Amino acid sequence: MEVHFILNGKKRSVDVGADTVLMNVLRDLGCKSVKCGCETTNCGLCTVWIDGKSRLSCSVLAAGLDGHEITTLEGVEEEAAEFGKFLAAEGAEQCGFCSPGFIMNVLAMMRELEDPSLEEIQEYLSGNLCRCTGYMGQLRAIQKYMAVRKGAQS
């Protein structure tokens, strides 16, 4: 079946099977930031935005995406790079395998929540697993990034 959607601002048309998951379609289209880490919807590595909301692309059937807008890390590179500097400064950027999904969720959280508390941040990001770092460096990076962004908006 042919599915039409917008991927990172560009119209795309792909032929998919009824059981094809979005993660595989995106990787076939060159979006290598979308990773497969668990195949059980537990790690967050495959996080993308569908119509601006974070979704796990390993759990979304591509056949249902006709007319929707999909954003991967490749579609928000500048903003992602800005936040990535904060991760690196806190020593929270190790192998980088989990970073794309994590960054997509952080950027989505910043769009959805106004001035989230530490507890709200932890809850929002609870589905993102990282095996290299601890989560404290990531939380420090998020808080510093949010403070800088808040200051820039004032």
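Source: prediction; values computed, not measured.
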Undergrad: Would you say the side-chain atoms of Tyr124 and Glu112 include a donor-acceptor pair closer than 3.5 Å?
TA: yes
Undergrad: Donor-acceptor check, side chain of Glu2 to backbone of Ser13, threshold 3.5 angstrom: yes or no?
TA: no
Undergrad: Assess the side chains of His4 and Asp66: does a donor N or O sit below 3.5 Å from an acceptor N or O?
TA: no
Undergrad: Could you tell me if the side chain of Met104 sits less than 4.5 Å from the side chain of Val76, heavy atoms only?
TA: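 Side chain of Val76 against side chain of Met104, heavy atoms only: contact under 4.5 Å found.
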Undergrad: A side-chain contact here means heavy atoms from C-beta on lying under 4.5 Å apart; do Ile6 and His68 qualify?
TA: no
Undergrad: Under a 3.5 Å distance rule, please check whether Ser57 uses its side chain to pair with a backbone N or O of Val48 as donor and acceptor.
TA: no
Undergrad: Please give me the minimum heavy-atom distance between Gly17 and Ala63, naming the atom from each residue.
TA: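 Closest approach of Gly17 to Ala63: O-CB, 4.5 Å.
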Undergrad: Do Trp49 and Arg55 come close enough that some side-chain heavy atom pair is under 4.5 Å?
TA: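 A side-chain contact is absent here, since even the closest heavy-atom pair is not under 4.5 Å.
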Undergrad: Flag yes if Ile103 and Leu56 sit in one hydrophobic cluster, no otherwise; membership is Ile, Leu, Val, Met, Phe, Trp, Tyr, and two members link when side-chain heavy atoms are under 4.5 Å apart.
TA: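 They do not share one cluster, since no chain of ILVMFWY contacts under 4.5 Å joins Ile103 to Leu56.
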Undergrad: With a 4.5 Å limit on heavy-atom distance, are the side chains of Ile121 and Met146 in contact?
TA: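 Yes - at least one pair of side-chain heavy atoms lies under 4.5 Å apart.
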Undergrad: Answer yes when Glu69 and Lys53 have at least one side-chain N-carboxylate O distance shorter than 4.0 Å, and no when they do not.
TA: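 Lys53 and Glu69: not salt-bridged.
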Undergrad: Minimum heavy-atom separation for Pro100 and Ser33, please, with both atom names.
TA: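 Smallest interatomic distance, heavy atoms only, reads CB-O, 3.3 Å.
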Undergrad: Would you give the length of the straight line joining atom CG of Leu129 to atom SG of Cys98, rounded to the nearest 0.5 angstrom?
TA: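 Here the interatomic distance stands at 8.5 Å.
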Undergrad: Within the structure provided, determine whether Val16 and Asn24 are in side-chain contact (heavy-atom separation under 4.5 Å).
TA: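 Heavy-atom side-chain distance check fails, nothing below 4.5 Å.
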Undergrad: Is Asp15 reaching over with its side chain to a backbone N or O of Met1, donor-acceptor style, under 3.5 angstrom?
TA: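 At least one qualifying donor-acceptor pair exists.
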Undergrad: From Cys46 SG over to Lys35 NZ, what is the distance, rounded to the nearest 0.5 angstrom?
TA: 11.5 Å
Undergrad: Between Glu114 and Lys150, is there a salt bridge with N-O shorter than 4.0 Å?
TA: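 No, Lys150 and Glu114 are not salt-bridged.
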Undergrad: Measure the spacing between CE of Met23 and OG1 of Thr72 and express it to the nearest 0.5 Å.
TA: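 Interatomic distance, Met23 CE to Thr72 OG1, rounded to 0.5 Å: 14.0 Å.
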Undergrad: Kindly work out whether a path of hydrophobic side-chain contacts (I/L/V/M/F/W/Y, heavy atoms less than 4.5 Å apart) joins Leu7 to Ile50.
TA: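 Both belong to a single hydrophobic cluster.
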Undergrad: Starting at CE of Met110, measure out to CG of Asn105 and round the result to the nearest 0.5 Å.
TA: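 CG of Asn105 is found 13.0 Å from CE of Met110.
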Undergrad: Can you tell if the side chain of Lys11 reaches within under 4.5 Å of the side chain of Phe5, non-hydrogen atoms only?
TA: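 When only atoms from C-beta onward are counted, Phe5 and Lys11 do not touch, as no gap falls below 4.5 Å.
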Undergrad: Under a 3.5 Å distance rule, please check whether Tyr135 uses its side chain to pair with a backbone N or O of Cys130 as donor and acceptor.
TA: yes
Undergrad: Rounded to the nearest 0.5 Å, what separates atom CG in Asp115 from atom CG in Leu113?
TA: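 Answer rounded to 0.5 Å: 10.0 Å.
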Undergrad: With no hydrogens and no angle check, just 3.5 Å: does a side-chain donor-acceptor pair link Thr71 and Asn8?
TA: no
Undergrad: Would you compute the distance between atom CD of Gln143 and atom CZ of Phe86 and round it to the nearest 0.5 angstrom?
TA: 12.5 Å
Undergrad: For Phe102, run the side chain to side chain contact (heavy atoms under 4.5 Å, CB included) check against Leu73, Leu107, Ile142 and tell me which one passes.
TA: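 That would be Ile142.
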Undergrad: How about Asp51 and Ile70: do any of their side-chain heavy atoms sit closer than 4.5 Å?
TA: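 A side-chain contact under 4.5 Å is absent here.
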Undergrad: Between the main-chain N or O of Lys32 and the side-chain N or O of Arg27, is there a donor-acceptor pair closer than 3.5 Å?
TA: yes
Undergrad: Taking C-beta and beyond as the side chain, do Glu123 and Met109 meet within less than 4.5 Å on heavy atoms?
TA: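 Heavy-atom side-chain distance check fails, nothing below 4.5 Å.
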Undergrad: State, to 0.1 Å, how close Thr47 and Gly101 come at their nearest heavy-atom pair, and which atoms those are.
TA: CB-O, 3.7 Å
Undergrad: Assess whether side-chain contact (heavy atoms from CB on, under 4.5 Å) is satisfied between Glu82 and Lys85, documenting all intermediate values.
TA: CA-CA 6 Å; Glu82 181 184 348; Lys85 291 176 185 175; 5.8 Å; no
